[in-house]
Amino acid sequence: MFLRHIPFLRAVAWHSLTAFGGPQAHLGLMLRRFVRNRPYVSEEELMEYNSFCQLLPGASSTQTLTLIGYKRGGVPLAVLTLLIWILPACFLMGGLTFLIGLGVWVERSAFEFIAPMAAGFLGYAAVQLFPLAVKNTITWIIFGIACIITYLFFGSPWMIPVLMVAGGIATNFSNKRIPQQLDKPKTIRWWNFWLFGIIFLLAGFFSETARKKDWPDRKPINLFENTYRMGSLVFGGGQVLLPLMYEQWSVRPSKVKENNPGAIRVDQKDMYVGMGVVRAVPGPVFSIAAFTGGMAMKSEGLWWQLLGCVIGMVAIFLPSALLVLFFYPIWHNLKKYAVIYRSIEGINAVVMGVLLASVLYILVDVVGPVNAISFAPLLVFVATVGLLQYTKIPAPLIVGACILLGYFL
């Protein structure tokens, strides 16, 4: 079965090595690679998958790509797609923990233009996706409101799901859009949900028991429970996960003076390094869990540090996979109802609002205010959008050029 999917898996592998800019930018690259270069899914399917994944906790771009694999070859191909997508980024972020331990210094100036380049990837995604998401008066209104609210409350964990629900409700005030054709119902795999819940409860039980009874070598249990819980409850993607990890594993432990050897701690300076580098590597932002897992366990020795990297990777992505493979058949079966079908249009408009707000937010941060614009990052942003839009230059070459530009300027 997998032989006929080799071209698709090769495209996933290339995507995992070249997808920079975070989940919104990943969507634009998916449109380019999995719809227009090779029609593995249609434009409508890709937008629907992304809209659905925005309603779930976890890594939205990872869930979207997993659903493409699920559509192509069921659960086995979905799992293989997931692994190919996350492994390169997790390998890089896990490897970073060993470089820090060896005292290897990376010249920070080399990453100076990574942020405006990432904004350029987001801008390219906005250009590509806008005609697909904003088509009529109501979607223009939803798009504008979502953009303003997202910009004003950027990073709020509940903002995105609330906007998605509100956008879906807004497009239901029209009765013009009804389902035109229906696929056969999909079988709901209840074991995905039960497995998710059982792991969640058992992890919490053993972590709390280990803490109360002071089990030796209990840090891996606590690490798995902490990371799995974050992957299960975080809405809003990596931009919400990063500050959550920073607060729980760096800020809070520094305020607690009691001697708790099993507590998960990551030094604040190390966390700054991880949060910066994860935005400069391709793949999902959730791969930072491989970094935090390794840093939390590095004091126990090299093999424990490696175990921490693996635990972080598995625990952060497992709930995302289980939830999306459980809920998607339910969503698919509900599409026969007009209220669900119409909601997709509003959710897509919200996605565009969030995307544009993300571009503006990052640009203001790296370019500066209007009265003090830094023109070099602005030129990098414009050049990145232009090269992606009007040329066939591969993304890795653009990234390499930005790193060299930062290093030598």
Side-chain angles (χ1 to χ4, degrees), residues 56-59 62-63 86 90 93-94 97 156-158 161 190-238 240-268 270-271 274-275 285-327:
L56 297 177
T62 298
Q63 291 169 326
I86 68 175
C90 289
M93 293 307 298
T97 67
S156 175
W158 295 103
W190 287 95
W191 66 269
N192 285 327
F193 184 72
W194 289 117
L195 183 58
F196 164 80
I198 290 171
I199 294 175
F200 191 94
L201 294 175
L202 288 178
F205 171 78
F206 282 110
S207 179
E208 186 64 13
T209 302
R211 184 188 67 82
K212 288 182 177 180
K213 296 187 177 182
D214 195 22
W215 289 357
D217 299 328
R218 61 185 171 88
K219 190 177 285 188
I221 300 174
N222 296 145
L223 175 64
F224 180 88
E225 187 276 331
N226 282 201
T227 310
Y228 189 85
R229 174 164 39 85
M230 290 183 188
S232 303
L233 302 177
V234 168
F235 287 90
V240 177
L241 177 68
L242 294 181
L244 180 65
M245 283 185 166
Y246 175 70
E247 192 278 333
Q248 179 161 335
W249 290 341
S250 296
V251 176
R252 186 183 300 175
S254 65
K255 296 179 180 178
V256 178
K257 302 301 183 182
E258 64 181 17
N259 183 23
N260 187 358
I264 305 303
R265 291 183 173 91
V266 179
D267 184 79
Q268 286 181 289
D270 293 335
M271 184 63 84
M275 292 171 65
V285 177
F286 274 49
S287 62
I288 194 174
F291 172 83
T292 54
M295 295 306 297
M297 299 287 291
K298 72 173 184 176
S299 61
E300 310 297 326
L302 290 179
W303 288 108
W304 286 95
Q305 185 176 348
L306 178 60
L307 177 63
C309 295
V310 174
I311 290 175
M313 177 186 71
V314 173
I316 201 68
F317 287 107
L318 183 58
S320 296
L322 292 174
L323 287 173
V324 75
L325 293 178
F326 168 72
F327 280 107

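Please read these numbers as outputs of a predicted model, since none were measured by experiment.
Here Phe206 pairs with nothing under the ring-ring contact (aromatic ring centres under 6.0 Å, His included) rule; sequence neighbours left out. Residues forming a side-chain hydrogen bond (donor to acceptor under 3.5 Å, both in side chains) with Ser320 (at least two apart in sequence, or on another chain): none. With sequence neighbours left out, Ser232 forms a side-chain hydrogen bond (donor to acceptor under 3.5 Å, both in side chains) with no residue at all. Applying the side chain to side chain contact (heavy atoms under 4.5 Å, CB included) criterion to Pro57, with sequence neighbours excluded, gives Phe235, Leu323. Legend: residues meeting ring-ring contact (aromatic ring centres under 6.0 Å, His included) with Phe326, ordered by chain and number and at least two apart, are Trp190, Phe193. In terms of the side chain to side chain contact (heavy atoms under 4.5 Å, CB included) criterion, residue partners of Ile199 (sequence neighbours excluded) are, by chain and number, Leu195, Phe224, Tyr228, Leu318, Leu322. With sequence neighbours excluded, no residue forms a side-chain hydrogen bond (donor to acceptor under 3.5 Å, both in side chains) with Gln63. In this structure Ala321 satisfies the side chain to side chain contact (heavy atoms under 4.5 Å, CB included) test together with Leu82, sequence neighbours excluded. For Thr209, the side chain to side chain contact (heavy atoms under 4.5 Å, CB included) partners are Phe205, Lys213, Trp215, not counting sequence neighbours.
Contact record, Phe196 with Pro319: CE1-CB, 3.8 Å, taken as the closest heavy-atom pair. Closest non-hydrogen pair, Ile86 versus Thr62, comes out as CG2-CG2, 4.3 Å. Gly312 and Ala289 get closest at one heavy-atom pair: O-CB, 3.3 Å. Here the closest non-hydrogen pair linking Glu225 and Ala203 is CG-O, 3.4 Å.
Atom CG of Leu202 is surrounded by more than 12 heavy atoms from other residues, nucleotides or ligands within 6.0 Å.
The CZ atom of Phe286 sits 13.5 Å away from atom CE of Met93, with the distance rounded to the nearest 0.5 Å. Rounding to the nearest 0.5 Å gives a distance of 12.5 Å between CZ of Arg218 and CG of Leu223. With values rounded to the nearest 0.5 angstrom, Asn222 atom CG is found 9.0 Å from Glu208 atom CD. With rounding to the nearest 0.5 angstrom, the CE atom of Met313 is 5.5 Å from the SG atom of Cys90.
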Could you please spell out the steps behind the side chain to side chain contact (heavy atoms under 4.5 Å, CB included) verdict for Thr97 and Gln305?
CA-CA 8 Å; Thr97 67; Gln305 185 176 348; 3.0 Å; yes
Under the side chain to side chain contact (heavy atoms under 4.5 Å, CB included) rule, what do Lys219 and Ser299 come out as? Steps first, then yes or no, please.
CA-CA 11 Å; Lys219 190 177 285 188; Ser299 61; 3.9 Å; yes
Does the side chain to side chain contact (heavy atoms under 4.5 Å, CB included) test come out yes or no for Ile311 and Thr227, once each step is laid out?
CA-CA 8 Å; Ile311 290 175; Thr227 310; 5.6 Å; no
With side chain to side chain contact (heavy atoms under 4.5 Å, CB included) as the criterion, how do Met230 and Thr292 come out once you've worked through the C-alpha distance, each side chain's angles and the decisive distance to 0.1 Å?
CA-CA 13 Å; Met230 290 183 188; Thr292 54; over 6 Å; no
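Pairs of residues two or more places apart, or lying in two chains, never qualify as salt bridge (Lys or Arg N to Asp or Glu O under 4.0 Å) while including a residue from residues 310-326.
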